[in-house]
Amino acid sequence: TLRRLLKYARISGYYLPTDPTIGITEMKSPPKKKIRFLSDSEVDRFLAVCSPAAYTFFLTAFDTGMRKNELFHFRWDWIDWDRNVICVKQRGDFHTKSHQERDIPMTARLRDHLSSLDVPRDGLVLASHPAEPGSRKGFRYRLKILPALIKKAGLEHFTLHDARHTYASRLVARGVPLYTVSKLLGHKDVKTTQIYAHLAPEHLKDAVRLLESPIKGGAPEVHGDPDK
């Protein structure tokens with residue numbers, strides 16, 4: 001900060017007739033927003049109160065971790081049924097946040113649900129509206145009814161982006177490496193994914209416990225100075 005810089009200058013012998021920071025209250029950094037993620041049981045409770053169309057929408061959000069804009073542009077031709085993946089594709093004026101396409105493997109329940117839908121397999125997957133099938137109004141409609149669905153399920157408030165946090169947290173809690181999670185989320189830098197690191201303490205402890213077990217076949221023979 002400026003105050004620390006001026007203090008360092010005085011200590012270093014530089015003459016400063018006055019301290020311009022005197023009387024100025026230093027602004028405190030805003031507290032970091034707590035990440036909201038749902039447990040498996042909370043996700044199930046929420047999905048249980050959804051209408052068929054809302055179920056498709058929010059199941060996709062929870063089981064892919066796609067960003068809001070990606071969900072908005074999710075098209076049937078993104079789905080590769082043979083490879084069992086959803087390929088987040090860039091087209092026209094749509095670009096992912098990282099400007100990179102990525103594959104997201106489908107969970108069994110998401111694949112089964114999407115494949116069971118009796119709808120035309122072209123255009124947008126999640127943008128249909130009850131009154132206007134095929135229109136983009138459906139996306140905004142789902143966001144509008146989200147608070148009512150949360151209340152009906154008896155859950156604490158969460159946003160659509162929290163479904164992405166939930167997807168990541170479920171992976172990390174099951175021991176999936178952060179690097180892999182970052183690729184699934186489409187993070188350009190794995191440092192962005194570090195916010196989920198604290199969710200895997202037991203997984204890390206198990207890794208360290210391996211040091212306490214004997215090495216099969218005895219200790220390896222070391223030749224020379226290992227530090228050279």
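Only a predicted model underlies this, so the values are computations on that prediction, with no experimental measurement involved.
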[X] (side chain) donor-acceptor with [Y] (main chain) under 3.5 angstrom:
X: Gln100; Y: Gly186; value: no
X: Asp162; Y: Thr159; value: yes
X: Arg121; Y: Ser115; value: yes
X: Arg170; Y: Thr166; value: no

* Could you tell me which residues satisfy side-chain hydrogen bond (donor to acceptor under 3.5 Å, both in side chains) with Asn84, sequence neighbours excluded, listed by chain and number? => Arg111
Side-chain donor/acceptor pairs under 3.5 Å, residues 44-53, sequence neighbours excluded:
residue: Arg45; atom: NH2; partner: Ala153; partner atom: O; Å: 2.9
residue: Arg45; atom: NH2; partner: Gly154; partner atom: O; Å: 3.0
residue: Ser51; atom: OG; partner: Ala54; partner atom: N; Å: 3.3

Validation row: [X], [Y] side chains within 4.5 angstrom (heavy atoms):
X: Arg36; Y: Leu38; value: yes
X: Thr60; Y: His113; value: no
X: Phe62; Y: Leu110; value: no
X: Asp80; Y: Asp103; value: no
X: Leu185; Y: Tyr167; value: yes

* Asked: Any idea how Trp78 and Phe74 line up, ring-wise: parallel (<30°), tilted (30 to 60°), or perpendicular (>60°)?
  -> tilted
* To do: Measure centre to centre between the rings of His165 and Phe158, then say whether the value is under 6.0 Å.
  => no
* **Distance (rounded to the nearest 0.5 Å) between His73 NE2 and Leu126 CG** => 12.0 Å
* **Of Arg102, Lys97, Lys89, the residue whose pairing with Glu70 passes side chain to side chain donor-acceptor pair (under 3.5 Å)** => Arg102
